[in-house]
Number of protein chains: 2
Amino acid sequence: MNKPPSFEEGLLQYVEELKDESEMTEKQRNILRASVKLFAEKGFHASSTAEIAKEAGVAEGTIFRHYKSKKDILLAVVAPVLVKFAAPFILKDLREIFREQAQKPFGEIVAELYRNRLNLVGANEKHIRILLQEAFFHPEIREALIATVFEDAKAMVQKLIEAKIDAGELRPLPSQAVFRVVLSSLIGMVLFRQVLDKEDYAYYSDEEQIALTVDILLNGIGK
Amino acid sequence: MNKPPSFEEGLLQYVEELKDESEMTEKQRNILRASVKLFAEKGFHASSTAEIAKEAGVAEGTIFRHYKSKKDILLAVVAPVLVKFAAPFILKDLREIFREQAQKPFGEIVAELYRNRLNLVGANEKHIRILLQEAFFHPEIREALIATVFEDAKAMVQKLIEAKIDAGELRPLPSQAVFRVVLSSLIGMVLFRQVLDKEDYAYYSDEEQIALTVDILLNGIGK
DNA sequence: TATAAAAGTGAGTAATCACTCGCTTTTATG
DNA sequence: CATAAAAGCGAGTGATTACTCACTTTTATA
């Protein structure tokens, strides 16, 4: 009858207990830094606690003084990305973009959104990599990712889209589909920049890619 | 001075030695089937050879009679997806779409392309999941994926795009950006259908999603 | 400065890991 | 039908795994 701990009891609990780095010991910060490095390079399962200890310059026992299991380290690495990023940024940054700029043309809002998210990804490559990697295997992480990042963004952006449709600025399309294409284009830019097409992508700047993408999004590729 | 085996010596070698299932023993087929199941569920690193043997109803020694290492099993699982799928389908299916239908409107060609790829993904969920999961960790797989699937598709689609621009059917945009958006939209559909938004997505059929996506792609969302 | 709590240590542990090897059984071939 | 090769087996291997614990060192507090 014992339910496995749900992501609310599990992952989101970390959110509330989130120490910020200033109240950690030197060694504990080293453990996190080493874990991020190794997890990003070889994945969670392929990184041993012995390696982490060595990389962090710490005895193996010290790790378990701070984290009661190896998986705890993963959650401690991943939770801040999810929270400090997703939640506050989406709820604050994005809310700002939408509220303060809701009167701006949709294209400009989306461009600003893309700019914001692209910078975010660039500045936190490793953490995001770990987050996505492990989302494949740990349903709790996947669900937390969808519940915090995706659902919020979806609700907010769809609302904006519907307002812009009512205002006659956008064609009367299903907001679900519009949101999907808006998000797809963002994911596509990240994907091309980071993994698929580094050379060709590098030929254009981020700003040019954004402008092109928004142009296509608004006006289509047809003549 | 020993270079690690490149993906050509490693992965693509499997392509040529690819047994088809008919010339495998019952047990060997069971090993592959069990591996696909476990790798898809918990990932390569988290699946032990003991588990695979148990799931396949086989002695652990039997596994190593057929595959000289655990990683060999992964490559044997992944190579067929890469080759039987990517290469032939892209070089045959896609080439068919492009050649036989090049005179059709771009929208119809892309719709056909989306239909084709969406079915492919649906029919091979597990294998694709494993392929993507492990592409994070194994550079050889990632490179093979990009080299075989991505580069071919990119060259072919960009050529079509440029032809359609010359024919005056599409706006004169950089083909790189157009290709990126075309591919992004496909990835977006897959992502929404399979993981992000199962409920909302289910409200529309694949065919409707494709039609909407192509409409937006061609005509944009602006009024 | 005395004292307790917190942080750090590293040898030790049972379990599990991928893989081997000597053996038996099944299959193919002439 | 004889014989060899291929397939299958499972106990056994040393290495590695995440984690513990008795102990020492550092830090905070009164």
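Chain letters run A, B, ... following the sequence lines, proteins first and then strands; every chain starts at 1. Everything numeric in this text was worked out from a predicted model, so none of it was measured.
Considering only side-chain N and O atoms, A/H66 lies under 4.0 angstrom from the phosphate OP1 or OP2 of C/dG8. Remark: A/T62 is not in phosphate contact with C/dA7, judged by side-chain N or O atoms under 4.0 Å from OP1 or OP2. The phosphate of C/dG8 (OP1 or OP2) has no side-chain N or O of A/K27 nearer than 4.0 angstrom.
In the model, B/T213 has a side-chain atom that pairs as donor or acceptor with a side-chain atom of A/R180 under 3.5 Å. Side-chain atoms of B/E208 and B/Y203 form no donor-acceptor pair, as typed in the model, at a separation below 3.5 Å.
At a threshold of 4.0 angstrom between heavy atoms, the contacts of A/T25 are confined to the sugar-phosphate backbone, with no base atom among them. Within the 4.0 angstrom heavy-atom criterion, only backbone atoms of the sugar-phosphate kind lie near B/S48; the bases stay farther away.
Listed candidates were D/dC9, D/dT20, C/dC19. Nearest to the side chain of B/R65 is D/dC9. Side chain of B/T49, nearest nucleotide from D/dA18, C/dA18, C/dG10: C/dA18.
A parallel orientation is assigned to the rings of B/F137 and A/F137, their planes being inclined by less than 30° (bins at 30° and 60°). The aromatic rings of B/F179 and B/F150 lie tilted to each other, with the angle between the two planes from 30° to 60°.
Within the 3.5 Å criterion, the main-chain N or O of B/E207 finds no donor-acceptor partner in the side chain of B/R115.
In this structure, A/E60 atom CD and D/dA22 atom P are separated by 18 Å, rounded to whole Å. Protein atom NZ of A/K42 is 12 Å distant from nucleotide atom C1' of D/dT16, rounded to whole Å. B/K70 places its NZ atom 15 Å from the P atom of C/dT16, with the value rounded to the nearest Å. As a whole-Å value, the separation of B/E26 CD from C/dT26 P is 15 Å. Between the NE2 atom of A/H45 and the P atom of C/dT16 there is a distance of 13 Å, given to the nearest Å. We find that CD1 of B/I73 is positioned 11 Å from C1' of C/dC19, with the value rounded to whole Å. In this structure, the NZ atom of A/K71 is 11 Å from the P atom of D/dC19, given to the nearest Å. Between the CG atom of B/L74 and the P atom of C/dC19 there is a distance of 12 Å, rounded to whole Å.
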